[in-house]
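Everything below concerns the one structure shown next.
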Amino acid sequence: MIGIVATNITSPLGWTSEQNYLAVKAGHTALRNFHSWRGIKDTVTVGAFTPEQEASLLLDGFTKFESLAIRSVKEALSHSDIDVASDRTVFILSTTKGNVGELSDAGGNYSAPGVAAKKIASAVGFTTEPVTVCNACISGVTAQMLAGRLIAAGFYDTAVVCGADCLTEFTLSGFLSFKSLDPSECRPFDIDRLGLNLGEAAATVIYAADAGKDAWRFVSGEMNNDAYHLSAPSPVGDGTVRAINHTLEGFDKECLAFVSAHGTATMFNDQMESKAIASCGLSEVPVSAVKGYFGHTLGAAGVLETIISILSAEDGTVLPVRGFSEIGVSGKMNVVTSPVPTEKTAFLKIISGFGGCNGALLFTKDAGEFGGMTPEVATKVVHTVHITPSSVSVDGEELPVAMRGRELLDEIYKSHIADYPKFHKMDMLGKLVFVASELLTAREDAARENVGGEDGDRKDENRAVILFNATSSIVQDLQHIRTINDTEGFFPSPSVFLYTLPNISIGEVAIRNSYKGETSLYILPEKDNELMDKIIKASFAGSLSRSMITGWADCSGEDTFEAEMKIIEI
């Protein structure tokens, strides 16, 4: 049975999972208030390592981000006997921005997320190609879902999942631009909540195909897109509702010890979660959330919060929501205000993030297998598109183009699309993904018309969009850095920052086409068709989707890009 054999949390509250859990149980918090933090002059509250802690974490030859991840992975591995050098073991890194604190126009010590993952993997001893999940706030849940799928599909026996992110001027300024930070300690679900606090941490969980009868098991899960808005959740929480309902299908809700909520303390997310929890019949189930202890640790959050939840349930305790005093959301929910004893051994983890993505995972210590996997089925390629800086082809047919580089994408839009003004606000990666997907779906529509079908026939609400690249959102990252480099004229742009989350490009496609299936972005050190095929097959087997837009979409410069995408069906 697929289960968890070892964990670690490395955070300002401690170097082990147990230290972190005991600190949280005692009511301690990593959050500290700063009137000026590095280059940020605003008053902020963050969950940051102290200078002394940071100095002790750093490893020679590695960045802070890489050092943090390596230490967490090695500590988790020290509590297991898995063979990291085996070709049956995969390393999955979950991060929102990785080494972005090292990025500058001059280059610096920056390594793209896929390259950083390979450095981390090599330092630890992994021999297989690593996978980096870059799915905004739900990255840690996506990474665990991928681990379960790859093992259940038989591609690997063991998966080591590490979620990590560091506090940087880059991310802090971006969230400031959205006016989403509380200058004091955050207050999830509270009537006086003002926003979130950012934090930094690494968290590692090791999954194995045969974890033993006493292991905690990840038994089911669901990811989807609400196709509503790039930076705001659906007000009624329909994406989270669908994720919860599918995850709990056939499971007795009375067996849940608690719901581990995202609980960001932002106005819209907390309200959405409350509506979703009530709509799913979970109003009486205790709700816990730990952002008040660590802050929002971005790519680490889904992993860290899973581990704390496991230790909480092991201890027979439901942890309180730090900072909560009076209910400030309209959905009926049971927010825990002081430690609550429990004898139940199951919990639900829910999460949502920018780009419209939502996720839910069910964990239990009772007997049960990882569910939701169908036998491997044959896939067929329906349509293909290939875009380079000098050419465009659809289903192998070259389209006439006059422009080159970034102007080529504008030409495709004007000649073949021209009805989506948001295109002009997108970053280069977003434009590339958008025009490629539009050419694919236009060819799909034309094919249906030729056989007497209607446009509505192709609308597969559960269609997934799963893409791969190597350089994340590097072009937009540099653009955001340029907006914050002038400390005197400091004025970060929310529209610029939003597109530094590379999965936003996929969210655009979901919104445009009302796709409500899974939307995920995976970063590899380089294009690897065999590894991509494993992830695609495992994703089909583990989701509701029967069709998918997938493939490679990488943009390393304004005039250097490639999209090799396709529609596939089962």
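In this text the structure is predicted, and so the values were computed from the model without any measurement.
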Are any side-chain N or O atoms of D226 and backbone N or O atoms of C357, one a donor and one an acceptor, separated by less than 3.5 Å?
no
Sorted by chain and residue number, the side-chain hydrogen bond (donor to acceptor under 3.5 Å, both in side chains) partners of Y156 (sequence neighbours excluded) come out as none
Begin from the C-alpha positions of T10 and L68 and carry the test side-chain contact (heavy atoms from CB on, under 4.5 Å) through to its verdict.
CA-CA 7 Å; T10 301; L68 183 58; 3.8 Å; yes
Side chains of N99 and T63 only: does a donor on one sit below 3.5 Å from an acceptor on the other?
yes
To the nearest 0.5 Å, atom CZ of F363 lies from atom OG of S260 at 9.5 Å
Side-chain donor/acceptor of N224 to backbone N/O of G239, under 3.5 Å
yes
If the threshold is 4.0 Å, N to carboxylate O, is there a salt bridge linking R149 and E518?
yes
Min side-chain heavy-atom separation L524-E526 under 4.5 Å:
no
Measure the CG-CD distance between L467 and E564 for me, rounded to the nearest 0.5 Å.
12.5 Å
Are any of the side-chain heavy atoms of S539 and M145 separated by less than 4.5 Å?
no
Under 3.5 Å side-chain donor-acceptor pair for N135 and S139
no
Any sub-3.5 Å donor-acceptor pair from N225's side-chain atoms to G355's backbone N or O?
yes
Salt bridge flag under 4.0 Å for residues E200 and K64
yes
K349 and H262: side-chain donor and acceptor closer than 3.5 Å?
no
Within the 3.5 Å criterion, strictly below it, is a donor on N269 or S352 matched to an acceptor on the partner's side chain?
yes
In chain order, what residues pass the salt bridge (Lys or Arg N to Asp or Glu O under 4.0 Å) check against E558, with sequence neighbours excluded?
R406
Residues S288 and F258: closest non-hydrogen pair is CB-CD1, 4.4 Å
Does a salt bridge link D427 with K431, judged by any charged N lying under 4.0 Å from a carboxylate O?
no
Any R322 side-chain heavy atom under 4.5 Å of P188 side chain
no
Report the C-alpha distance between M272 and T240 in whole Å, list the side-chain angles of each, state the deciding distance to 0.1 Å, and finish with yes or no for side-chain contact (heavy atoms from CB on, under 4.5 Å).
CA-CA 8 Å; M272 178 278 290; T240 298; 3.4 Å; yes
Quick one, I484 and H480 - any side-chain contact, counting heavy atoms below 4.5 Å?
yes
Locate the shortest heavy-atom distance separating G299 from D165; write the atom from each residue and the value.
N-OD2, 2.8 Å
Just checking, is any N or O donor in the side chain of S11 or N20 under 3.5 Å from an acceptor N or O on the other one?
yes
Does any N or O in the side chain of S437 come within less than 3.5 Å of the main-chain N or O of V433, such that one atom is a donor and the other an acceptor?
yes
Atom pair CG (L298) and CD1 (I138), whose distance is rounded to the nearest 0.5 Å:
13.5 Å
If you compare all heavy atoms of I4 against all heavy atoms of A211, which two are closest, and at what distance to 0.1 Å?
N-CB, 4.1 Å
With no hydrogens and no angle check, do the side chains of Q144 and T306 hold a donor and an acceptor under 3.5 Å apart?
yes
Is a side-chain donor or acceptor of T266 paired with a backbone partner of G195 at a separation under 3.5 angstrom?
no
Restricting to non-hydrogen atoms, name the atom on I466 and the atom on T550 that form the minimum distance, rounded to 0.1 Å.
O-OG1, 2.6 Å
Just how far is it from atom CD of E18 to atom CD1 of I307, taken to the nearest 0.5 Å?
9.5 Å
Would V90 and F126 count as a side-chain contact (heavy atoms from CB on, under 4.5 Å) here? Give the steps.
CA-CA 7 Å; V90 64; F126 296 99; over 6 Å; no
Sidechain-backbone polar pair: S122 side chain, K119 backbone, donor-acceptor under 3.5 Å:
no
Parallel, tilted or perpendicular for H296 and F175, by the 30°/60° rule?
tilted
V160 side chain near I92 side chain, heavy-atom distance below 4.5 Å
no
Considering all heavy atoms, the nearest I523-C134 contact:
CD1-CB, 3.7 Å
In Å, rounded to the nearest 0.5 Å, how long is the span from OG1 of T379 to CD1 of I536?
8.0 Å
Would you sort out whether T204 and N8 count as a side-chain hydrogen bond (donor to acceptor under 3.5 Å, both in side chains), showing the intermediate values?
CA-CA 5 Å; T204 302; N8 169 263; 5.0 Å; no
With a 4.5 Å cut-off on side-chain heavy atoms, are I504 and L429 touching?
no
F347 ring center near W216 ring center (under 6.0 Å):
yes
Treating Q53 as the side-chain partner and T50 as the backbone partner, does any N or O pair qualify as donor plus acceptor under 3.5 Å?
yes
Testing the basics here: between I351 and C137, what is the closest heavy-atom pair and its distance to 0.1 Å?
CD1-O, 3.2 Å
Side chain proximity check, D554 to F561, heavy atoms < 4.5 angstrom
no
From CD1 (I70) to CZ (F62), nearest 0.5 Å:
4.0 Å
Using modelled atom types only, decide if a donor and an acceptor are shared between the side chain of E508 and the backbone of S505 within a distance under 3.5 Å.
no
Centroid-centroid distance, F65 to Y110, less than 6.0 Å
no
When you check the side-chain N and O atoms of S312 and S309, is any donor under 3.5 Å from an acceptor?
no
Quick one: do E169 and I481 satisfy side-chain contact (heavy atoms from CB on, under 4.5 Å)? Show the steps, please.
CA-CA 9 Å; E169 296 92 330; I481 286 172; over 6 Å; no
Might you confirm whether atom NZ of K566 has over 12 heavy atoms from other residues, nucleotides or ligands at distances under 6.0 Å?
no
A side-chain contact here means heavy atoms from C-beta on lying under 4.5 Å apart; do W15 and L57 qualify?
yes
Do H28 and Y293 have ring centres separated by under 6.0 Å?
no
Is it the case that the side chain of R71 and the backbone of E66 share a donor-acceptor pair, with hydrogens and angles ignored and the cut-off at 3.5 Å?
no
Judged by atom type as modelled, is there a donor-acceptor pair below 3.5 Å linking the side chain of S17 to the main-chain atoms of I9?
yes
